[in-house]
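All figures in this text were calculated on a predicted structure; none of them were measured in a lab. The chains referred to below are lettered A, B, ... by the order of the sequence lines, with proteins before strands, and numbering in each begins at 1.
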Protein chains: 2
Amino acid sequence: MTENAMGAATGRRRTWQRDAVREALGGQDGFVSAQVLHAGLREAGSPIGLATVYRALADLAADGAADHLQLDGESLYRACGSADHHHHLICRSCGKTLEISAGPVEAWARSVAADNGFREAEHVVDVFGICADC
Amino acid sequence: MTENAMGAATGRRRTWQRDAVREALGGQDGFVSAQVLHAGLREAGSPIGLATVYRALADLAADGAADHLQLDGESLYRACGSADHHHHLICRSCGKTLEISAGPVEAWARSVAADNGFREAEHVVDVFGICADC
DNA sequence: ATGAATGCAAACTCTTTGCACATTG
DNA sequence: CAATGTGCAAAGAGTTTGCATTCAT
């Protein structure tokens, strides 16, 4: 566990595949699974490989350029323009996901960690419920 | 979505396995994965099978007796009803876990859910970091 | 030229399912 | 006695990884 917490883009090369993934991701409204993204790219003509899509998405997420969350057994990604840190409000019933900002929680998490002598604090915050439509 | 939303326990039989899973789940603080729960049960002497644990957990969740969420590729379950609610501060390096109370966060989570029309709000809050000893 | 990125397929992890046998009501 | 639950092992779904080749710098 001695790895780069905020994995810097050390010597990351620019390939059309990487660009394609980034662009495809940006062209999506919400969260997309790696597989769906891959299928879309193939349909659009890219002979890109599935593994490459997974790797590109992982790198994007590591670089903070994409948000990553898991729902129903698969990884979902979404372009994340700002390094803005946010969380999710998820409907337990229909799976609808809203983005929420957690201003007060950020500070609280930091202070809790600091109070207990923890460094490099990160946190996971997700709120679940039943949305109005369900 | 035409299934029993609140899946009634139609002819659900009582077996010691079911009881063991329910009890093991209740004895846990937070969310546990099916596999961890299974391992714990085996260590405790139960010759219960993994598939049975999965099925029991699925039933408990369907009956509303357990909460279910996914994190990092695995399904996590928690007894629902033991509303004793606290969170954890976890060391990424040595795994040490402290229990923390999240006073301000509770209110925040409730209000975020309410603001968006969500009912039965629950939340997952965990803070990760490197503890003082590491 | 040099090493990171790609593609393919095999390997992995977690979860679900088929089927024969044991249990419950 | 009929039907549900269990256990095992095999099957699935999604994701990751090894390795030879290709490509960006």
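Applying the salt bridge (Lys or Arg N to Asp or Glu O under 4.0 Å) test to B:D19 and every residue at least two apart in sequence or in another chain returns B:R14. Among residues two or more places apart in sequence or in another chain, the side chain to side chain donor-acceptor pair (under 3.5 Å) test is passed with B:E23 by none. Partners of A:A24 by side-chain contact (heavy atoms from CB on, under 4.5 Å), not counting sequence neighbours, listed by chain and number: A:L37, A:L41. In terms of the side-chain contact (heavy atoms from CB on, under 4.5 Å) criterion, residue partners of B:L50 (sequence neighbours excluded) are, by chain and number, B:Q35, B:H38, B:Y54. Residues forming a side chain to side chain donor-acceptor pair (under 3.5 Å) with B:S75 (at least two apart in sequence, or on another chain): B:H68, B:Q70. Residues satisfying the side-chain contact (heavy atoms from CB on, under 4.5 Å) test with A:A58, not counting sequence neighbours, are none. Not counting sequence neighbours, the partners of A:L98 by the side-chain contact (heavy atoms from CB on, under 4.5 Å) test are A:L89, B:N116, B:F118.
Atoms CD1 and CD, from A:I130 and B:E120 in turn, are 5.0 Å apart once rounded to the nearest 0.5 Å.
Rounded to an integer number of Å, the gap from A:L41 CG to C:dG7 C1' is 15 Å. Between A:D19 atom CG and C:dT6 atom C1' there is a gap of 14 Å when expressed in whole angstrom units. Between B:L76 atom CG and C:dT13 atom P there is a gap of 18 Å when expressed in whole angstrom units.
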**Message:** At under 4.0 Å between heavy atoms, how does the protein contact nucleotides 19-25 of chain D? Give one character per nucleotide, 5' to 3', with B, S or -.
**Reply:** ----BBS

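Positionally, the nearest nucleotide of DNA chain C for A:L50 lies more toward the 5' end than for the other of B:Y77 and A:L50.
Residues B:L57 and B:R55 have side chains not in contact (no heavy-atom distance under 4.5 Å, counting atoms from C-beta outward). When side chains are defined from C-beta on, A:S33 does not count as touching A:Y77, because their heavy atoms never get closer than 4.5 Å.
Here the side chain of A:R42 pairs a donor or acceptor atom with the backbone of A:I48 at under 3.5 angstrom.
Across its full length, the helix from C:dA1-D:dT25 to C:dG25-D:dC1 shows an angle of 40° between the axes of its 5 terminal pairs at either end, rounded to 10 degrees.
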Distances under 3.5 Å between nitrogen or oxygen atoms of protein and nucleotides 9-14 of chain D:
none

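Close to C:dT23, at under 4.0 Å from its OP1 or OP2, lies no side-chain N or O of B:Q17. Taking only side-chain nitrogens and oxygens, A:T52 never comes nearer than 4.0 Å to OP1 or OP2 of C:dA5.
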